[in-house]
Each structure stands twice: as structure tokens, then as C-alpha cells.
Amino acid sequence: MSCPDCVSGEFLPGQPTGVLSTQGAYLAAGTTQPSKRAIVLLTDIFGLPLKNCKIIADHFAKELGCDVWIPDYFAGRPIMSLNKMKAIERVAEPSLSVWDWFVKAIEEEKKYEKIGCVGYCYGGSAALRLGSKDFFKSIAIFHPGPFTVEDARSIKAATFWGCAAVDRAVSTKLLNETEALYAARKGTDTFVDYEIKIYEGTLHGFAIRPDLTNPAVKEAYEAALENTVSWFNKTLVV
């Protein structure tokens, strides 16, 4: 069951500038073409109808200079509609076969050398799961749903964790245990690059549906964008 913070939030200002492309996915084309790397952005439970994810994709395409894709993994039927922003609905898990198909499709179409992934809320949970496969070289996870230390242990990709200061889904204890797991791997062949950052003054959802009238949230949202760009420039080099 999703928490109240999963289904609340605000609309970002502005309008998307990308296009619908392969199998209904949103594409924000990078400023450098042909793009040698790409980012796949995984949405919250509002999916593509919520313009926020597309505005963020446009920002990353500009700042990273690469293509940014948002797959329509709800096939036009997101779990939550925009007119139920305050409702609570059950969240289903996505099938890994969906990602396998989509990533292969864009790889074949665009011939990318490397692909990264950023996920928010529901999409953060999906990114976490996909990090244990060979889909992506680097991932950024923002305020995901509940996970275990074993889930974190299975991640193969370099991982940035962007966490809310107060989150019903992810406790401070769990984050400390995850940090300890990564730290214990340093100097071994199982080590993967990582960063865990807690954004003060925030709740679950701040990086995708921020209240920009709240100074602390606005600062955290903008920092999350900047940190994501820096992370991929560090770990997704072509």
C-alpha cells in the first residue's frame, strides 16, 4: 500500500519540450547528437500524464547533453490518475521483462555506448531492482519504496541514493545498514561506487513533486537535480 506522501505533491512550472517516440516513450533529445549515452527515467505512480517527469527529463537532456527516455511502463494506464492526487492505491511491481525489452529496443535504435537510470518513488523501487541486472551502468534512486539490505547488496551498478529526511518507507536504520554494507566492500572485487545523501527538510516525493513555495524543499529539489547530473557525469563516462 502506498503512503500519503506517495500520492501528494505539486505540479512543476513550465511545459515539456520533448516528443513521444519508441513504443510511446517520451524522448528528451540531448544537445549533443548522436548521443553516445542515455538516461532512462522511471516515473512515480502517476506515470507520463504528470508533466513533472517530462520537465525533469528535459532538464537532464540539456545539462547532461544526452538523450533521456521515459518509458510508458503503465501502457497508458498509470496506477494513479492526476485527479486522485490525495488518494491511496495499491502499487503493483513491474515485470523485469518490460525493461529488458525497452532497453534492448533503444540500444538497437540508437547504438548507445552506455545507459544509466534514474527513478523516483515507484520508479526508484524499479531502479533498485534493475540495478541488480545488467541493464544499466549507473543508477540514481530517489525516495524508493521499502527495500531490504539484501536488495541493496544485489545491486551491481554504481548507485546514488537520494533520500528524504522523513520517509515512512525508508528508515534511518535501514540507510545506516546500507551505508555499512557499501563501506565494508571497499577494497574488494564486490565494491561498487555509491553515494547516499539525505536532503534535510524533505518528505518522500520531494524530488519529483516538490512544493517550490517551501524554501527548504525548493533547495533540496534543485540540489537533487544537480547531484544527479554530477553523478552521471562521474559514473557514466563515454
Side-chain angles (χ1 to χ4, degrees), residues 1-9 40-46 79-80 88-96 99 116-133 135-211 214 216-217 219-221 223-228 230-232 234-235:
M1 188 74 73
S2 58
C3 72
D5 294 326
C6 291
V7 295
S8 62
V40 175
L41 189 156
L42 305 181
T43 73
D44 57 17
I45 57 177
F46 295 97
I79 293 170
M80 188 66 61
I88 298 177
E89 298 278 344
R90 184 171 298 277
V91 177
E93 290 291 336
S95 168
L96 291 179
W99 316 117
C117 174
V118 57
Y120 300 89
C121 302
Y122 179 93
S125 295
L128 194 159
R129 295 174 64 222
L130 293 167
S132 67
K133 308 301 178 182
F135 298 105
F136 306 114
K137 299 297 183 183
S138 177
I139 62 177
I141 299 170
F142 281 93
H143 37 69
F147 67 93
T148 67
V149 174
E150 289 308 308
D151 291 331
R153 190 189 308 276
S154 69
I155 296 175
K156 301 177 183 179
T159 307
F160 179 89
W161 298 79
C163 307
V166 178
D167 196 325
R168 301 164 192 251
V170 180
S171 67
T172 300
K173 178 176 181 291
L174 178 56
L175 289 179
N176 289 339
E177 291 173 348
T178 302
E179 175 84 44
L181 164 68
Y182 279 110
R185 288 174 159 185
K186 289 181 178 178
T188 74
D189 58 5
T190 61
F191 178 74
V192 292
D193 200 0
Y194 77 98
E195 182 177 347
I196 298 175
K197 182 175 178 60
I198 298 174
Y199 295 82
E200 296 303 323
T202 63
L203 300 174
H204 181 97
F206 79 92
I208 187 73
R209 301 181 306 276
D211 177 3
N214 181 317
V217 173
E219 180 180 351
Y221 165 71
L225 292 176
E226 182 179 339
N227 295 152
T228 304
S230 297
W231 180 252
F232 286 128
K234 173 187 175 183
T235 61

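In this text, all values refer to a predicted model and were calculated from it rather than measured experimentally.
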Exercise. Going by the angle between their ring planes, with limits at 30° and 60°, are H143 and Y120 parallel, tilted or perpendicular?
Worked result: tilted

Locate the shortest heavy-atom distance separating [X] from [Y]; write the atom from each residue and the value.
{"X": "C117", "Y": "L42", "result": "SG-CD1, 3.6 Å"}
{"X": "C121", "Y": "D44", "result": "CB-CB, 3.9 Å"}
{"X": "D167", "Y": "P144", "result": "OD2-O, 4.4 Å"}
{"X": "V217", "Y": "P210", "result": "CG1-CB, 3.8 Å"}
{"X": "T202", "Y": "A220", "result": "CG2-CB, 3.4 Å"}
{"X": "A207", "Y": "A224", "result": "CB-CB, 4.3 Å"}

Answer yes or no: is there a side-chain heavy-atom contact under 4.5 Å between [X] and [Y]?
{"X": "F46", "Y": "R209", "result": "yes"}
{"X": "Y182", "Y": "I155", "result": "yes"}
{"X": "T178", "Y": "I196", "result": "yes"}
{"X": "K234", "Y": "D193", "result": "yes"}
{"X": "F142", "Y": "I208", "result": "no"}
{"X": "K137", "Y": "F232", "result": "no"}

Exercise. Between atom CH2 of W231 and atom CH2 of W161, what is the distance when rounded to the nearest 0.5 Å?
Worked result: 11.5 Å

Exercise. Rounded to the nearest 0.5 Å, how far apart are CD of E150 and CG of L181?
Worked result: 8.0 Å

Exercise. Taking everything shown except E219 itself, do over 12 heavy atoms lie less than 6.0 Å from its CD?
Worked result: no

For this session: Check the surroundings of atom CD in E177: do more than 12 heavy atoms from other residues, nucleotides or ligands lie under 6.0 Å from it?
Result: yes

Problem set entry | Pair D151-T148, side-chain donor/acceptor within less than 3.5 Å | yes

Problem set entry | K197 charged N/C atom sitting above Y199 aromatic ring, 6.0 Å / 45° | yes

Exercise. Between T190 (side chain) and R185 (backbone), is there a donor-acceptor pair under 3.5 Å?
Worked result: no

Problem set entry | Stepwise side-chain contact (heavy atoms from CB on, under 4.5 Å) check, Y194 with K186 | CA-CA 11 Å; Y194 77 98; K186 289 181 178 178; 3.8 Å; yes

For this session: Dump the intermediate steps for side-chain contact (heavy atoms from CB on, under 4.5 Å) on F147 and L174, then the final yes or no.
Result: CA-CA 9 Å; F147 67 93; L174 178 56; 3.7 Å; yes

